[in-house]
Structures are given as structure tokens and as C-alpha cells.
Amino acid sequence: MLDFLGNLKRTHYAGALRVAHEGQSVVLMGWVARRRDLGNLIFIDLRDREGIAQIVFNKDQSAAAHAKAETLRSEYVVAIEGRVVRRQKANPEIATGEVEVVASALHILNTSATPPFVIEEEINATEETRLRYRYLDLRRAKPQANLALRHKVILEIRNAMSELGFYEVETPMLTRATPEGARDYLVPSRVHPGQFYALPQSPQIFKQILMISGLDRYFQIARCFRDEDLRADRQPDFTQLDLEMSFVRPEDVFEVIEQVMQRAMRVIGVNVAAPFRRMLYKDAIRRYGSDKPDLRFGMELADVTQFFDAGRETLKFEGSVFALTATGGATLSRKQLDELAEKAKGFGARAMYTIKVAPEGIASALAKTLGDEAVKKIAEAAGAKSGDLVVAVAAQKQIKGTEAAALVAGQMRLHLAEKLNVIPAGRPFATAQGKSFASAQGKWEFVWLTGFPLFEWSDTENRWAPAQHPFTGIVEEDLEKLETAPWEVRSKGYDLVLNGVELGSGSVRIHRADVQARIFRALGLSDEQARQRFGFFLDALSFGTPPHGGIALGLDRVVMLLAREKSLREVIAFPKTTAAQDLMADAPNTVPQEQLDDLGIAIKGPK
Ligand code: ASP
């Protein structure tokens, strides 16, 4: 028989009890995390949002409550009346470990089916099971802490934005397509058969229109929807801090974001210095082989192509060679080096060469072909010291106008840094409260990347495509090159990167209708197509648009980094799998025929 809640009122969170509560009568409510039956004594761990408290049922003191406690099973929902006492032997592992509650009454409010996995921190369940039973997974302390952190970070960001003079404005979910380089999720209209809304890939057009409306400073914690091919670090619907400001230069946007991020970081006790570092895109590629460089450690790349000139014939290749120093890598075994070479090939290298720098001298098979002097110069260029290993990778082609060898070396840099454990990452930890998993340890390296090209050549579409979205501003001096040398046109775009993770991008926009029309043309859209897709926006641009710019940061990513998680799924309450499925709600799914009929939709069958 279950009990009613009746007039019972909770007095404390179980997880909040401390020595200071000793002697107090309390009413606690929560879930049975564990039960130990020692005959006359029954112990349960009572779990609620704030943590776990130990409850004791003593047969000699309250026989009725003790008898009832015998029927408790995992995840039953209970209310407990009792008194806080000091434990004879404290448990330093949990925050409530110095006290326990001697129960005088037990109310069983609900039973529970046997959970598919035991709800504890180190759980033994596949991610699929965890996602299917997400409500149970979320009962664990860590996901709870992650959601609490998420709340605090977003609250801090909202407050910061408001204090900086931004208004939060909601933009529509049912709207027209806004291009951000992904496919749209479409929503069929019932009242306009054959017509569709698109869910926004971002509020881009609306936020620009708000600038035309004179709102001056807009922000939104915005849900965005992008139908992309499966990628491990993406979610089809996700949250951005989206903002737009009028009469600004890129620096003004940087300043706002720097202040906001400083405050967000303080939530986990980290103070970061501003202004953040700045780096040109081309320097990031040359020095780190990446457009999102992880600056927490060195191991910079060196272009050592020139030293290979003498050996081209023997080594039989034409492209370029980039080298880097694997700090302390001289101790790697033959087998480990073979594995490295395999990795390099997997990243697209044509060949990998190594140079060992030891106290006895420099050793490399390259010496035979290139000579000792060249090998020494390569090691110097890579900045190797005694005990290090120089890894050089050769690749032929260019990828999107950049040296493929640099990009391969960039991937090797990350791989080696991880392998040799040189990234000052800081580790997640659980405090005694089981509450704070985020930690201030490790380095936090922000960097702004600028100087991106406006266009990228798209092999699949055989035309120039915007490197970002088509509203990105263009460096004024490059306007003439728009039609003659589009690859040389520089954008007014920027990216914010933290510890090798791209947090988001933005730009100062095109604010003139004539320039916007030229961009559409350069992108291969006829005036008619441009009008058809963006006519309303071109119209709006023609009515006194102020210069403006903005940015959007991936909030899921920010929280993931602060929570020291490796997956976005750990910081989103109800995430989707990499196959874009919601395993708990079982979406996407079929719909009843009547609903399709209402919409005038016939399913052609799977492709
Ligand atoms: N709308 C862009 C995005 O979502 C960001 C921006 O340009 O403000 O990536």
C-alpha cells in the first residue's frame, strides 16, 4: 500500500544535511539509492537533487517504520521523518558523511520498476541504454551537476549581456530557410498545402533585420537546427549565444564576448585575461596546421620543405614537408614509431620521417639521403632538444588552398601531444559534495582567428561557396576582386577558439544591398534566384541599414568544456545520438496516415 503525501512538507534536501543540523527534526523526500539490511538495523541511502544522506531504521526504536523499510527497493520514492544525529564513524566520501538521520516514520510514495542499470556514478551501461532511459541516467550526480552548471553559465551570460545593453529578442522557429551551410529541417504547412516552413539554422537574417529596425544590440539564447551528415561533435538541434550589434568593428564584438566569457569562466572559478590572443587564419595553419589551434602547448610546426630539395629524387615526391617536435619523444619504441607512421598515413601523409635527438647526437635514416647537415637544420627548425623526437610529414596536394602537409602535421601535433601527455588539460573531479565536477585546473587558451578568405571552392558544387554564410562582410579594398579573383577576397569574419575547440564564428556584415547582390552573383545565384530566396532581406537592406556585426557561440560546447566533458551529449538534457535519433522518445518516427493526408504528403518510400 502506498502512502499519500498528504500534508507532509519537506524541510531539507537530503544532500544538504551537515553537522550544523545535528539534533533537528527533518522531513526528507527522495529516492532509495541503496538499502542494507542488518536485521535490527536497516540503512538506506536517500538520494535527491543535492546528494545522498544515510537513513537508519532501528527496530527497537520504531518498529513500524523498520518493518516498512524491509519492503523498500531501489528507486522507490519515499518521505522520511526523523532526527539528524552524528555518525559514529564519518564517511569522508560524501558531503553528508558526518551525519545520519534516525527515522521515526517512513512514507512510501511510489514504487519503481527494477531499473535497467544501477544508478551510481560509475555506471555499467552502454550509452544507448543510458539515452533510452535518460530520466534514470539524469538521476546521477554528474549529469545533475552538468545541468546545474549549464543553468549557472547561461544565467551569468544572460545577466552579462543585459548589463552590456543587449535586449533578448525571440525570433521565429517557423520561418524561411537561413543558410548556414547545412540542410534545413522542413515543416510542412497544413493550411498552405504544398508549402513549407524551415526551422532556422540560425537567427541570422532576423538579427540583421533587428539592426535595420534600430534595436542596436540584440542577443538570444537561440535554438538552431541543422540537418547535417553524421558528425560526432554535432547535435541537430543545439543552442547558441547569438548576438548582433550596430555601428561596430570586429574589435567591438570581441570586447563584448571577452567580457561575457570572462564572467562565464568565473562560474567555475577561472579568471582569464583579456583581450584574448589574435591570430591570422593563415598563421594558424602554418604554425599549428589547424583553423582551431590548441594553444595550451607548443610543438609548433616548421615548414622544412627546402631541406628536402636535395632528396626529392630519391624520396620520390613533390609536395611539401612540415615538421614538429614531439617533446620527450626520443624514447618512443620502434613499434610506437611504426604506429605513428600509420597514423600519419591515415591523416593523409605520403610519408613520415623521424629524427631522434639524443645526448649522443642526432639520428635519422634521412641522413643518408639529405646529409647530416640538412637533418640537423630540420631538427633546429623544429626546435628539438635532447630527448625529443622530430616528426616530419610529407604530402603532395593542397587542400582548399592550404598545404596538405601542414594540415597533416597539425593532426599529428594533437595526436602526439595527447600520447605524450603534454596537454595541461586538468582533470574533472568530484568534490566531496559530489556537486562540482568542473575544475579550474589546467590552461584556458582563447584565441580569435581573423583574415579568413570569403570564399572556398566547393568541389562538390563546382563553384565558389561562402566560407561562412553569404552575409559575411568583405574587406573594402578587396571589393574589386569579387568578380576577377574571388579567391583573394578577404572576409570580415572571425572565429573564437578555446583550447582547440571552435566556439563559434561571426563577422561584420554586408550592410549595403548593392554589395549583397554582388555577393549573391559571385556565388552563382542569378538576380532572380537571389530575389526568390532573399528578396525580403534585400528589400530590408535597402532601407537605411546601419553597419553591423555579430557572432554566435555554441553554448553546448562552452558548457562541455567547462564541465570537462568529451561529448556534447553529457551537457544536454535530452540529446540525440550521432545518428540524429532521440532514443528515449524514439524520434524521428512515422506519423499516422491522417496526419499525412492533412498535409497532402505522400511518402515515396525510402531512398
Ligand atoms: N549565424 C552565424 C552562425 O550561426 C553566426 C554569426 O555570423 O553571427 O554560425
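In listed order, ligands and their atoms are each counted from 1. Because the structure is a prediction, the values reported are computed rather than measured.
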Which of the numbered atoms in ligand 1 are under 4.0 angstrom from any heavy atom belonging to [X]?
X: K207; value: 6 (C), 8 (O)
X: H469; value: 1 (N), 2 (C), 6 (C), 7 (O)
X: S202; value: 1 (N), 4 (O)
X: R509; value: 6 (C), 7 (O), 8 (O)
X: I551; value: 8 (O)
X: G506; value: 6 (C), 7 (O)

When the aromatic ring centroids of [X] and [Y] are compared, is their separation below 6.0 Å?
X: F225; Y: F238; answer: no
X: F219; Y: Y167; answer: no
X: Y494; Y: F254; answer: yes

Hey, is [X] one of the residues with a heavy atom under 4.0 angstrom from ligand 1?
X: Q468; answer: yes
X: R226; answer: yes
X: E244; answer: no

Exercise. When you look at E565 and K142, which way does the salt bridge (Lys or Arg N to Asp or Glu O under 4.0 Å) test go after all the steps?
Worked result: CA-CA 10 Å; E565 292 287 4; K142 188 140 177 264; 2.9 Å; yes
For this session: Write out the residue and atom name of the closest protein heavy atom to atom 5 (C) of ligand 1, then the distance separating them to 0.1 Å.
Result: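 The protein heavy atom lying closest is S505 O, 3.1 Å.
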Problem set entry | Distance from atom 2 (C) of ligand 1 to nearest protein heavy atom, with residue and atom |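 For atom 2 (C) of ligand 1, the nearest protein heavy atom is E180 OE2, 3.2 Å.
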Exercise. Can a cation-pi geometry be assigned to R413 and F297, taking NZ or CZ under 6.0 Å from the six-membered ring centre and within 45° of the ring axis?
Worked result: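 Because its charged atom sits under 6.0 Å from the ring centre and within 45° of the axis, R413 does stack over F297.
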Does this structure show an ion pair linking [X] with [Y], if we count only N-O contacts that are shorter than 4.0 Å?
X: E476; Y: K492; result: yes
X: E445; Y: R296; result: no
X: D229; Y: R234; result: no

For this session: Between Q240 and ligand 1, find which residue part has any heavy-atom pair under 4.0 Å and reply side chain, backbone, both or neither.
Result: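 For Q240, the contact with ligand 1 is made by the side chain alone.
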